[in-house]
There are 2 protein chains.
Amino acid sequence: MSDCAQCVVRNRAICSGLSPEELLALGQKGRKQTVKRGQTLVWEGDDSLVVANVISGVLKLSVSTADGREQIVGIVFPSDFIGRPFGKESPYSVTALSDAEVCVFHRSTFDQFAREHPELQHKLLQRTLIELDEARQWMMLLGKKTAEERIATLLIRISERLSADGCTGPLLNLDEFELPMDRQQMADILGLTIETVSRQLTRIKSSGVIALPDRRRVVIHDRQALLDLAEAA
Amino acid sequence: MSDCAQCVVRNRAICSGLSPEELLALGQKGRKQTVKRGQTLVWEGDDSLVVANVISGVLKLSVSTADGREQIVGIVFPSDFIGRPFGKESPYSVTALSDAEVCVFHRSTFDQFAREHPELQHKLLQRTLIELDEARQWMMLLGKKTAEERIATLLIRISERLSADGCTGPLLNLDEFELPMDRQQMADILGLTIETVSRQLTRIKSSGVIALPDRRRVVIHDRQALLDLAEAA
DNA sequence: CGCCTTTCTTGACCTAGGTCAATGATAGGA
DNA sequence: TCCTATCATTGACCTAGGTCAAGAAAGGCG
């Protein structure tokens, strides 16, 4: 792989904290790969052969029932880690929502390297714990929140995540951004239908809290009001 | 703490894999504590001061909205780990569903010990990854499954978990067991109301797939049929 | 620039599951 | 053992959100 020391996600991905020598050693085991929008990198139930860091783009993690219902169980942004280390089957699919670049490793190679480098393993643990916390917050949303609360929560979360991505500071709370997904995908994240998503967005727009200049663009006019709509964090 | 080498969850908890000396060192930092049914060990939002292993009993992890809606985001059985290492706030409450015994550590003490013992950290990572997979399966249930599918899934999961607990082999799939929770708690796990839980249980009972000899007891008469009701895993 | 495909919005209607309220069971405690 | 405080079930009714079916906007692409 090309020079990890120059990597744009160098300071935020799990590789941060590795010594220059370790970074080099890990870098030699990985390779950069581009993924086209819509392309699936890992299939649910398949042998988990690769893990990766996201360099650019946005991907979804999803699980499906036998009869085709799909639930998106995670959205992955640049600097996030994807794949299931230390386990032979992937419990979900990983699919690109936009064109993306990832830095891929063979799972077994990565597993071995991680076991030999406690600092890397620690980073991975920290990240997994955070993901678990987030998954549990989302369980609350899916189990107990109304459609309007769900939409408001999603908009807040995406705006936070996208602004954190700028990496210029803690959180500057982007008030205008591009949705990295279409309406159907929003519905699959929120446990709703596309029609309900559409209706609730129009409702919130009509109240003046947000504007929707085009399909993908969102402008938050009154963040506090949106937070109130989202209820508890 | 008393002798870890004699601990009933010795081979299943994260302490498994530690050398006798390490086990002793860790054991000296912890203490055994009993928790009464209904008692809350950790409050959502509070400083995360303790972590623990569950020795006996069953506990719930829950998060609440400002207006009092509660979602149970995890059920914890003997040999499971509780608490949020490497993070200062607990994102959920931990409450005993039955009287329980836990083996408690100060979080900071535990964090330090874990960082010095990669094997322990690895066990913790493995466990966290499994919990994350389970949380995501549950997101599918909460986002897309019908009430009947939810109930069937819960019954299957509990029976599997309780039989694994016997620790006599891989999975013997207990066909008769005691629910470690009441109807309201089932509802809070499944994102339903107590009435819907009750109605669906009666429905499944009427179809002959299960029997309910008393409030807590469940007998699975036709496991395959129950699996079919639960749809996809 | 118009055509076609896909995506999004909106409306009319329906239903799974929620709400409210009454009744029935059970477990402890005196 | 009876009494009382839960806890669970059942029924009648309601509503948030799902379903089905038109339209209306955007993109692409020749």
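As the structure is a prediction and not an experimental result, all values here were calculated from the model. So you know, we letter chains A, B, ... as the sequences are listed, proteins then strands, and number each from 1.
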Take the C1' atoms of the five end pairs on each side of the helix from C/dC1-D/dG30 to C/dA30-D/dT1, get both axes, and report the angle to 10 degrees.
40°
Electrostatic pair A/Arg216:A/Asp214 at N-O distance under 4.0 angstrom:
no
Where each residue is assigned the nucleotide of DNA chain D containing its nearest heavy atom, which of A/Gln200 and A/Asp214 is assigned the position nearer the 5′ end?
A/Gln200
Check this for me, if you would: do A/Glu231 and A/Lys145 make a salt bridge, where the nitrogen-to-carboxylate-oxygen distance has to be below 4.0 angstrom?
no
Regarding C/dT7, can its base be found pairing with the side chain of A/Arg215 as donor and acceptor, where the two atoms are less than 3.5 Å apart?
yes
Let me know the distance between CZ of A/Arg217 and P of C/dC8, rounded to the nearest Å.
16 Å
A/Glu134/A/Arg161 salt bridge by N-O under 4.0 Å criterion:
no
Ignoring hydrogens and angles, state whether a donor on the side chain of B/Asp228 or B/Gln224 is under 3.5 Å from an acceptor on the partner side chain.
yes
Expressed in angstrom and rounded to an integer, what is the separation of A/Gln185 atom CD from C/dT7 atom P?
9 Å
Whole angstrom is fine here: how far is it from CG in A/Leu192 over to C1' in C/dC8?
16 Å
Among B/Leu192, B/Leu190, B/Thr146, B/Ile151, whose side-chain contact (heavy atoms from CB on, under 4.5 Å) with B/Gln200 holds?
B/Ile151
Quick test of your reading of the model: are B/Glu176 and B/Arg217 salt-bridged, counting only N-O distances below 4.0 Å?
yes
Salt bridge check: are A/Arg136 and B/Glu131 linked by an N-O gap of less than 4.0 Å?
yes
Please list, in 5' to 3' order, the outermost nucleotides of DNA chain D lying under 4.0 Å from any heavy atom of chain A.
D/dG17 to D/dA26
Under 3.5 Å, which donor-acceptor pairs do the side chains of residues 90-106 of chain B form with other protein atoms, sequence neighbours left out?
{"residue": "B/Ser90", "atom": "OG", "partner": "B/Tyr92", "partner atom": "N", "Å": "3.4"}
{"residue": "B/Ser90", "atom": "OG", "partner": "B/Tyr92", "partner atom": "O", "Å": "2.6"}
{"residue": "B/Ser93", "atom": "OG", "partner": "B/Glu44", "partner atom": "N", "Å": "2.9"}
{"residue": "B/Thr95", "atom": "OG1", "partner": "B/Thr40", "partner atom": "OG1", "Å": "3.0"}
{"residue": "B/Ser98", "atom": "OG", "partner": "B/Val58", "partner atom": "N", "Å": "3.1"}
{"residue": "B/Asp99", "atom": "OD1", "partner": "B/Arg37", "partner atom": "N", "Å": "2.7"}
{"residue": "B/Glu101", "atom": "OE1", "partner": "B/Ser56", "partner atom": "OG", "Å": "3.0"}

Can you tell me how far C1' of C/dG24 sits from CZ of B/Arg183, to the nearest Å?
14 Å
Assert: residue with more 5' nearest nucleotide on DNA chain C, out of A/Leu212 and B/Glu195, is A/Leu212
